[in-house]
There are 2 protein chains.
Amino acid sequence: MIRALLVDDHQLFGEGVRSMFNPNDGIEIVKITTNGNNVPAILSEIEVDMILMDISMPLIDGVGVLELMKKNGLDVPVLMLTMHQDMKYIRRTLETGAQGYILKDASKSELTEAIEKVSRRENYFHPKINNQIFDYLRGNKNPSEGNLVDQLSDREKEIIGCIGKGMNSKAIAEALFISEHTVKTHRRNIMHKLGVKNTAELISFSMEKGII
Amino acid sequence: MIRALLVDDHQLFGEGVRSMFNPNDGIEIVKITTNGNNVPAILSEIEVDMILMDISMPLIDGVGVLELMKKNGLDVPVLMLTMHQDMKYIRRTLETGAQGYILKDASKSELTEAIEKVSRRENYFHPKINNQIFDYLRGNKNPSEGNLVDQLSDREKEIIGCIGKGMNSKAIAEALFISEHTVKTHRRNIMHKLGVKNTAELISFSMEKGII
DNA sequence: TGGCCGATACCTCTAAAGTGGTATCGTGAA
DNA sequence: TTCACGATACCACTTTAGAGGTATCGGCCA
């Protein structure tokens with residue numbers, strides 16, 4: 001019997017997955033938490049063979065929980081649960097070292113297979129995200145290609161956020177304690193990186209990609 | 001026993017919800033489909049008391065399915081399943097006439113209550129979305145306040161769409177066969193109606209509200 | 001029929017965005 | 001220890017957006 005901890009902020013999804021497995025599946029969700037910050041505490045109390053973890057959560061995201069676990073020296077294999085919208089994070093999470101990735105629209109049999117593999121510390125990647133993995137590996141060899149969004153620095157994303165709020169370059173400069181010139185340079189670099197012509201396209205692109 | 005049809009592109013979520021209900025809950029998911037286009041065909045084959053429907057789906061979204069049902073004269077109460085990200089669509093879907101709305105992070109008991117109410121053709125609104133509903137109703141009674149979006153004419157929405165694509169006033173003018181002056185007047189009127197300062201805020205507001 | 005409003009159009013002027021450069025500094029990777 | 005890169009800063013210039021007006025025309029509704 002594989003004992004699994006489920007970390008997901010969607011109660012409905014969590015309880016659904018739990019009741020999906022019956023004893024003869026060889027898998028049991030022994031605990032569900034909606035707050036990733038509780039993971040270290042839970043792991044010190046109960047023993048699990050693997051963790052099923054949602055990537056996008058409000059309080060702390062899946063990557064954050066992974067980092068938290070690393071910091072506390074907790075070594076439990078993790079299967080990340082992602083939605084299509086999270087695809088953009090996959091590269092980030094690959095570096096943090098999850099054991100596998102599966103899409104939330106996978107079937108029960110796929111999930112079962114994934115849980116089994118991950119609990120044995122084998123890697124599992126859902127077929128649909130293979131392209132992302134491939135892009136990532138290729139991107140490492142040739143960073144000039146690949147994901148536009150990941151080319152943005154944190155500062156640049158911060159600037160985009162300000163622009164989206166309707167702030168002009170001067171207001172952004174004052175808010176971030178930098179010169180207006182610097183803000184304009186950032187804007188230019190951002191637009192160049194994302195391949196957009198103007199502010200309107202920048203914002204609509206950024207919102208579509210989930211940068212803001 | 002309430003017989004329900006579940007429409008959701010996330011297989012895992014669907015199967016999870018299905019196995020969450022056992023016979024003594026009084027609810028049974030008799031069928032799951034990941035493609036909303038199949039709903040009319042399914043309804044002609046099997047009889048259900050209500051439909052649980054995800055809003056955001058790739059092939060056809062929840063609102064589209066509702067419209068499709070209306071067109072085919074199918075009158076089955078629908079409970080919409082929404083995620084936080086879908087909140088912006090709620091106003092749009094209210095007009096299409098779903099019977100209730102529940103968030104995907106609701107608990108099993110909340111879902112049970114919602115399904116029971118909707119199957120009896122009572123309305124159910126999850127507490128977290130009450131504000132949205134309230135805004136909507138207030139907007140209807142007093143159009144000068146509240147609902148900013150509905151003050152926009154179709155032409156104005158069309159202009160917003162063009163701006164979001166990164167087109168400047170000149171390009172929009174050429175595309176719509178009108179003068180650049182006219183486009184600028186529209187832009188000004190739109191910004192005034194929505195109470196935004198600049199293009200960036202216009203686009204981010206419009207995308208949040210689901211205008212584009 | 002008279003008034004309201006949306007779509008159209010024009011003028012002028014200022015502010016802001018966008019484009020072309022260059023350059024320094026610190027940090028982290030090769 | 002170079003070398004690359006992100007964050008910072010500045011200059012000069014063109015284009016566009018934004019704000020102030022005014023005005024015509026056609027449809028809809030009371």
Side-chain angles (χ1 to χ4, degrees), chain A residues 91-92 95-96 136 139-206 211-212, chain B residues 142-145 147-206 211:
Chain A
R91 286 169 96 169
R92 226 177 89 215
E95 282 151 12
T96 328
Y136 171 76
N140 256 4
K141 281 171 198 158
N142 188 353
S144 65
E145 291 179 14
N147 199 322
L148 293 171
V149 175
D150 293 348
Q151 290 174 34
L152 294 172
S153 69
D154 288 343
R155 192 57 155 182
E156 286 167 341
K157 286 174 192 167
E158 195 177 4
I159 302 271
I160 295 175
C162 292
I163 298 171
K165 283 180 200 152
M167 294 162 77
N168 62 21
S169 297
K170 193 182 166 193
I172 298 172
E174 284 164 6
L176 302 183
F177 305 106
I178 56 178
S179 144
E180 195 181 334
H181 298 292
T182 308
V183 176
K184 288 197 168 192
T185 306
H186 279 306
R187 291 180 81 128
R188 197 185 339 187
N189 294 339
I190 292 165
M191 290 197 288
H192 184 248
K193 281 185 183 178
L194 300 184
V196 296
K197 290 186 295 298
N198 52 35
T199 305
E201 203 182 353
L202 166 65
I203 297 301
S204 96
F205 182 89
S206 300
I211 302 172
I212 46 177
Chain B
N142 188 352
S144 66
E145 290 178 17
N147 200 328
L148 295 170
V149 176
D150 294 347
Q151 290 174 40
L152 294 173
S153 69
D154 288 343
R155 192 59 154 180
E156 285 167 341
K157 287 174 191 167
E158 195 178 3
I159 302 271
I160 295 175
C162 292
I163 298 171
K165 284 180 198 150
M167 294 162 76
N168 62 21
S169 297
K170 194 184 167 191
I172 298 172
E174 284 164 5
L176 302 183
F177 305 106
I178 57 178
S179 143
E180 193 180 334
H181 299 290
T182 308
V183 176
K184 289 195 168 193
T185 307
H186 279 306
R187 291 180 80 128
R188 198 184 340 183
N189 294 339
I190 292 166
M191 289 198 289
H192 184 247
K193 282 184 182 177
L194 299 183
V196 295
K197 290 185 295 299
N198 51 35
T199 306
E201 203 181 353
L202 165 65
I203 297 301
S204 95
F205 182 88
S206 300
I211 302 172

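Order of the sequence lines fixes the chain letters, A, B, ..., with proteins taken first and strands second; residue numbering starts at 1 for each chain. This is a predicted model, so every value here is computed, not measured.
- When heavy atoms are screened at a 4.0 angstrom cut-off, A/R155 is found touching the sugar-phosphate backbone but no base atom.
- Distance A/I178 CD1 to C/dC25 P: 18 Å, rounded to the nearest Å.
- When side chains are defined from C-beta on, A/R187 does not count as touching A/L202, because their heavy atoms never get closer than 4.5 Å.
- Looking only at side-chain heavy atoms (C-beta outward), A/H186 and A/T182 come within less than 4.5 Å of each other.
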Q: Test side-chain contact (heavy atoms from CB on, under 4.5 Å) on B/I159 and B/I172 and set out the steps.
A: CA-CA 7 Å; B/I159 302 271; B/I172 298 172; 4.1 Å; yes
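- Among the atoms of the strands shown, base atoms are found under 4.0 Å from some heavy atom of A/T185.
- Among the heavy atoms of the strands lying under 4.0 Å from B/T182 is at least one base atom, whether or not backbone atoms are also near.
- B/E180 has its CD atom 19 Å from the P atom of C/dA7, to the nearest Å.
- Side-chain contact between A/I203 and A/I163: present, with at least one pair of heavy atoms (C-beta onward) separated by less than 4.5 Å.
- Applying a 4.0 Å cut-off to non-hydrogen atoms, none of the residues of residues 159-171 of chain A approaches DNA chain D.
- A/A200 and B/T199 make their closest contact through CB-CG2, 3.5 Å (heavy atoms, listed as atom of the first residue, atom of the second, distance).
- One can place CZ of B/F177 at 18 Å from P of C/dA7, the figure rounded to the nearest angstrom.
- Computed from coordinates, the B/L176 CG to C/dA9 P distance equals 11 Å when rounded to whole Å.
- Between A/I178 and A/R155, some side-chain heavy-atom pair lies under the 4.5 Å cut-off.
- Distance NE2 (B/H181) to C1' (C/dC10): 5 Å, rounded to an integer number of Å.
- The minimum heavy-atom distance linking A/S179 with A/H181 is given by the pair OG-N, 2.9 Å.
- From the 5' end on, the contacts that DNA chain D makes with chain A at under 4.0 Å to a non-hydrogen atom open and close at D/dG6 to D/dC10.
- Defining each end axis of the helix from C/dT1-D/dA30 to C/dA30-D/dT1 as the rotation carrying four pairs' C1' atoms onto the next four, with five pairs an end, the two axes are found to diverge by 60° to 10 degrees.
- The shortest heavy-atom contact between B/S206 and B/I160 is OG-CG2, 3.5 Å.
- In this structure, the CZ atom of B/R188 is 14 Å from the P atom of C/dT12, given to the nearest Å.
- Taking for each of B/N198 and B/H186 the nucleotide of DNA chain C with the nearest heavy atom, the 5'-most of the two is the partner of B/H186.
- Side chains of B/K193 and B/I190 form no contact here, defined as non-hydrogen atoms less than 4.5 Å apart.
- Between B/S153 and C/dG6 there is no side-chain N or O to OP1 or OP2 distance below 4.0 Å.
- Taking atom CD on B/E156 and atom C1' on C/dA7, their separation rounds to 9 Å, with Å as the unit.
- Counting heavy atoms from C-beta on, the side chains of B/L194 and B/L152 come closer than 4.5 Å.
- Between A/S204 and B/G164, the shortest heavy-atom contact is OG-O, 2.8 Å.
- A/E174 is listed as a side-chain neighbour of A/K170, based on a closest heavy-atom distance under 4.5 Å.
- At whole-Å resolution of the value, CD in A/E201 and P in C/dA17 are 17 Å apart.
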